[in-house]
Amino acid sequence: MASPARRAELVDQLRDLFLAKGFAAFSIGDLTDHLRCSRTTLYAVAPSKEQIVLAVVRSYFRGAAERIEARVAAAGGPHERLALYLDAVAAELQPVSAEFFADLAGFGPANDIYQENTRFAARRVQGLVAEGVDAGELRPVDAPFVGAAVAQVMGAIQRGEIQAGTGLDAAEAYRQLADLILGSLTAAPSAARRPSG
């Protein structure tokens with residue numbers, strides 16, 4: 001039986017492998033060869049390949065969320081928190097391959113984990129936008145609409161639609177989404193004070 005430290009090490013190695021190359025094409029034998037471990041050691045992660053995949057996917061998204069929130073917690077006002085949140089999401093997706101996203105989409109339980117994280121991220125963006133509007137740092141917009149729009153784009157990134165249409169990988173697509181959100185919500189002070197009509 002592998003120790004907790006060895007199990008964590010295996011999860012980290014599997015995460016790096018899956019993010020780079022996906023997981024659907026790998027058999028248990030492929031994974032043991034790659035990790036240079038026995039099946040018994042690999043099964044310390046979880047009792048089947050499907051459960052191993054889910055353990056690794058959960059670990060990746062949990063770790064990413066913790067790192068993102070740590071960056072946001074160190075930020076100043078709402079505008080900076082929103083900018084840091086979006087930038088941190090893009091940074092966390094930098095190592096994620098199109099193969100990993102395709103495999104997530106093709107494996108229902110793993111896709112459920114991704115969708116749950118997408119919904120959380122969209123709600124988080126919505127909350128940060130609402131904070132920024134309330135603080136007067138962002139122009140008045142409908143925060144739930146922004147959150148819903150972000151969720152749609154995140155889904156399209158995961159399904160490969162953005163890459164197919166633009167050639168942008170996931171991380172760069174998130175950076176472009178961040179630029180779009182921040183650019184559209186940050187009004188110049190003079191424009192914000194200009195009377196209407």
Looking at [atom1] of [X] and [atom2] of [Y], how far apart are the two atoms once the value is rounded to the nearest 0.5 Å?
| X | Y | atom1 | atom2 | answer |
| --- | --- | --- | --- | --- |
| Thr118 | Gln152 | OG1 | CD | 10.5 Å |
| Glu69 | Leu84 | CD | CG | 11.0 Å |
| Leu82 | Asp87 | CG | CG | 11.0 Å |
| Leu185 | Leu180 | CG | CG | 8.5 Å |
| Leu138 | Leu182 | CG | CG | 8.0 Å |
| Gln13 | Cys37 | CD | SG | 8.0 Å |

(message) If we check salt bridge (Lys or Arg N to Asp or Glu O under 4.0 Å) with Glu92, which of these qualifies: Arg62, Arg67, Arg175, Arg15?
(response) Arg67
What pair of heavy atoms forms the shortest contact from [X] to [Y], and how long is it?
| X | Y | answer |
| --- | --- | --- |
| Gln126 | Gly147 | CB-CA, 4.1 Å |
| Val133 | Pro140 | CG1-CA, 3.9 Å |
| Glu137 | His79 | OE1-N, 2.9 Å |
| Ser97 | Gly22 | OG-N, 4.0 Å |
| Glu99 | Ala20 | OE1-O, 4.1 Å |
| Ala122 | Ala151 | CB-CB, 3.7 Å |

Given 3.5 Å as the limit, does a donor-acceptor pair link the side chain of [X] with the main chain of [Y], or not?
| X | Y | answer |
| --- | --- | --- |
| Thr186 | Gly183 | no |
| Lys49 | Phe26 | yes |
| Glu80 | Gly76 | yes |
| Asp30 | Ser27 | yes |

Using a 4.5 Å cut-off on heavy atoms from C-beta on, say whether the side chain of [Y] contacts that of [X].
| X | Y | value |
| --- | --- | --- |
| Leu10 | Ile52 | no |
| Leu35 | Leu17 | no |
| Tyr174 | Leu86 | no |
| Ile113 | Phe107 | no |
| Tyr60 | Val96 | yes |
| Gln51 | Leu54 | yes |
| Thr166 | Gln176 | no |
| Tyr114 | Val57 | no |

(message) Check Glu116 with Arg119, please: is the shortest side-chain N to carboxylate O separation under 4.0 Å?
(response) no
(request) Could you tell me how the ring of Phe23 sits relative to the ring of Phe100: parallel (under 30°), tilted (30 to 60°) or perpendicular (over 60°)? (result) perpendicular
(message) Is there a continuous path of hydrophobic side-chain contacts, each under 4.5 Å between heavy atoms, that joins Phe120 to Ile157?
(response) yes
(message) Taking Val45 as the starting point, is it possible to reach Tyr43 by hopping between hydrophobic residues whose side chains are less than 4.5 Å apart?
(response) yes
